[in-house]
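Structure first, then comments.
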Amino acid sequence: MDTLVHPSYLPKPVMPQVPPQQMLLGQKALVTGASSGIGLAIAMALGQAGADVVINYVADEDKAQHACEEIRHLGVRAEAIRADVSDEAQVKAMFSRMLDHFGTIDVLVNNAGLQQDAAFEDLTLAQWNKVIGVNLTGQFLCAREAVREFKRRGVNPAVSCAAGKVLCISSVHEVIPWGGHVNYAASKGGVMLMMKSLAQEVAPYRIRVNSICPGAIRTPINMEAWGTQEAYNELLKLIPYKRIGEADEIGRAVVWLASDYADYVHGISLFVDGGMCLYPGFETGG
Ligand code: BGC
């Protein structure tokens, strides 16, 4: 192993006391899949916390540019970069462009993800590969580029106690099995152990790696589950807190987990799900 950044005899890191608008001041963040839904809310929340933000998108250039303008209004820098996260060459090109423009990266939010649902016997290899490619391989490719830069640069105490932060946006379905969505649940189960194994490996370099696991959040991906009153009532049976989550609630969790306030939080899956993982079927009976 090459040099450890912080030998154990060093004093504990000094926690900055800063207002929320400055929790990530001067940090450079990349959010994948950030032109809509949870990714967009995360990008906005990072900008509100003072970070400069790269919005990665794959298809919707207009939405990505619009998001950049909104973020710039917050007084920080923003840039949209197109890349399919499942493609190694495109991921490398995206990172080198980010490093050219922003100098470095402090926070990677591995958010890009999609669903291609089918009954198991109808699930095609193309659907399997697409979902694993974006949701799991994409997270690997982006995390690898980020870790390379974090290790190269090391800790910059003026910016953060940590050399860098990787946040994987996983799902309650990293632990809750999901029939009809086997490819998706497999991808998120994979993210869980990729995240934890990576966290174990890079911790000595002061690189923090964690996941956030959203439950049902109101975004286009799951409109079927909340778009009608009937569907919404069904959904509430799965949520002890009896409401759907909003994308900015994930944004706030990301800001905290990426900030030095969470400096000792490492290798965890933080569930933001209104209790969806609490076996809601057992609320009564059992
Ligand atoms: C899925 C949503 C679903 C939620 C809760 C998420 O990971 O993308 O479609 O509503 O999990 O089941």
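Both counts, for ligands and for their atoms, begin at 1 and track the order of listing. Just so you know, these numbers use all the heavy atoms, side chains as well, and skip hydrogens, waters and symmetry mates. What you are looking at is a predicted structure, and each value in this text was computed from that prediction instead of being measured.
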- Determine whether the side chain, the backbone, both or neither of His173 has a heavy atom under 4.0 Å from any heavy atom of ligand 1. side chain
- Touching ligand 1 at all, Lys188? Heavy atoms, strictly under 4.0 Å? no
- Test applied, side-chain contact (heavy atoms from CB on, under 4.5 Å); reference residue, Val107; option that passes from Arg208, Lys28, Lys165: Lys165
- Of all protein heavy atoms, the one nearest atom 10 (O) of ligand 1 is Asn222 ND2, 3.3 Å
- Item | Point-to-point distance, once rounded to the nearest 0.5 Å, from CD of Glu145 to CG of Leu30 | 11.0 Å
- Task: Could you check atom 1 (C) of ligand 1 against the protein and tell me its nearest heavy-atom contact, residue, atom and distance included?
- Result: Gln115 OE1, 3.2 Å
- Task: Write out the residue and atom name of the closest protein heavy atom to atom 3 (C) of ligand 1, then the distance separating them to 0.1 Å.
- Result: Trp178 CH2, 3.8 Å
- Query: Do Gln139 and Asn135 have side-chain atoms, one donor and one acceptor, less than 3.5 Å apart?
  - Reply: no
- Sequence neighbours excluded, which residues qualify as ring-ring contact (aromatic ring centres under 6.0 Å, His included) partners of Trp128? none
- Message: For Ser160 and Asp260, which I'm curious about, is there any donor-acceptor pair between the side chains at under 3.5 Å?
- Response: yes
- Between Gln65 and Glu61, a side-chain donor and acceptor under 3.5 Å: yes
- Item | Close-contact set for ligand 1 against Ser171 heavy atoms, below 4.0 Å | 6 (C), 7 (O), 11 (O)
- Message: To check your reading of the model: name the closest protein heavy atom to atom 4 (C) of ligand 1, its residue, and the distance in Å.
- Response: Gly215 O, 3.6 Å
- Could you tell me the residue and atom name of the protein heavy atom closest to atom 6 (C) of ligand 1, and the distance to it rounded to 0.1 Å? Tyr184 OH, 3.6 Å
